[in-house]
Amino acid sequence: MKRILTYGTFDLLHFGHIEILRRAKELGDYLVVAVSTDEFNAIKNKKAYHNYETRKKMLESVRYVDLVIPENNWEQKRDDVKDYKIDVVVMGSDWEGNENFENLKDLCDVVYLPRTEGISTTKIKKDLGLGDL
Ligand code: C2G
């Protein structure tokens, strides 16, 4: 049973999110998604349209996702990998080389997958004239 872990805000769930979840699941058998809490989003300077509970429920309805846990801070990743017996941490390529993930390489594999071009939560908001909602 190969166990995969990924992190994100996953606001206004879109095709780019689905594509990273699909490809992450393809690397193993069980996918854990750590979704940023509203408090952690504030630390990341991100304001999500949907609150944590909604973003969690939406992710739980995605066929590739087996478990959704909260991402409360930057520091929890090593414990997450140990607690959930993770074999591979997967992130989109915008995170490539980031210390938060490079630091996990003594515990598990870390894989960066190409971002899905042409879609992002920011672009959706902009295109819909939602400004900084
Ligand atoms: N993503 C993607 N293609 C897109 C948009 C997003 O592959 N067009 C990926 C990102 O690279 C990330 C995941 O989808 O791996 C979630 O993206 P966000 O919700 O924007 O998450 P982020 O703010 O990058 O949070 O501790 C890590 C952070 O919580 C990651």
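We count ligands from 1, going down the list as the structure has it; atoms in each ligand are counted the same way.
- In this structure, Ala48 and Asn41 approach most closely via the heavy-atom pair CB-ND2, 3.8 Å.
- Residue Ile86 holds its CD1 atom at 12.0 Å from CG of Asp109, rounded to the nearest 0.5 Å.
- Residues satisfying the salt bridge (charged side-chain N to carboxylate O under 4.0 Å, His left out) test with Arg115, not counting sequence neighbours, are Asp94.
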Which protein N or O atoms sit under 3.5 Å from any N or O of ligand 1? Give atom names and distances.
{"from": "ligand 1", "atom 1": "3 (N)", "to": "Thr116", "atom 2": "N", "distance (Å)": "3.1"}
{"from": "ligand 1", "atom 1": "8 (N)", "to": "Thr116", "atom 2": "O", "distance (Å)": "2.8"}
{"from": "ligand 1", "atom 1": "8 (N)", "to": "Ile119", "atom 2": "O", "distance (Å)": "2.7"}
{"from": "ligand 1", "atom 1": "11 (O)", "to": "Gly92", "atom 2": "N", "distance (Å)": "3.4"}
{"from": "ligand 1", "atom 1": "11 (O)", "to": "Asp94", "atom 2": "OD1", "distance (Å)": "2.6"}
{"from": "ligand 1", "atom 1": "15 (O)", "to": "Gly92", "atom 2": "N", "distance (Å)": "2.9"}
{"from": "ligand 1", "atom 1": "19 (O)", "to": "Thr9", "atom 2": "N", "distance (Å)": "3.1"}
{"from": "ligand 1", "atom 1": "19 (O)", "to": "Phe10", "atom 2": "N", "distance (Å)": "2.8"}
{"from": "ligand 1", "atom 1": "20 (O)", "to": "Lys46", "atom 2": "NZ", "distance (Å)": "2.8"}
{"from": "ligand 1", "atom 1": "21 (O)", "to": "Thr9", "atom 2": "N", "distance (Å)": "3.3"}
{"from": "ligand 1", "atom 1": "23 (O)", "to": "Lys44", "atom 2": "NZ", "distance (Å)": "3.4"}
{"from": "ligand 1", "atom 1": "23 (O)", "to": "Lys46", "atom 2": "NZ", "distance (Å)": "2.5"}
{"from": "ligand 1", "atom 1": "24 (O)", "to": "Trp95", "atom 2": "NE1", "distance (Å)": "2.8"}
{"from": "ligand 1", "atom 1": "25 (O)", "to": "Lys44", "atom 2": "NZ", "distance (Å)": "3.0"}
{"from": "ligand 1", "atom 1": "26 (O)", "to": "Glu71", "atom 2": "OE2", "distance (Å)": "2.5"}
{"from": "ligand 1", "atom 1": "26 (O)", "to": "Lys77", "atom 2": "NZ", "distance (Å)": "3.1"}
{"from": "ligand 1", "atom 1": "29 (O)", "to": "Ser36", "atom 2": "OG", "distance (Å)": "3.4"}
{"from": "ligand 1", "atom 1": "29 (O)", "to": "Lys44", "atom 2": "NZ", "distance (Å)": "2.9"}
{"from": "ligand 1", "atom 1": "29 (O)", "to": "Glu71", "atom 2": "OE1", "distance (Å)": "2.6"}
{"from": "ligand 1", "atom 1": "29 (O)", "to": "Glu71", "atom 2": "OE2", "distance (Å)": "3.4"}

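- In this structure, Phe40 and Trp74 have perpendicular ring planes: the angle between them is above 60°, well past the 30° mark.
- Annotation: Lys44, atom NZ; neighbour count of heavy atoms from other residues, nucleotides and ligands within 6.0 Å is above 12.
- A salt bridge is defined here as a Lys NZ or Arg NE, NH1 or NH2 lying under 4.0 Å from an Asp or Glu carboxylate O, and Asp66 with Lys25 meets this definition.
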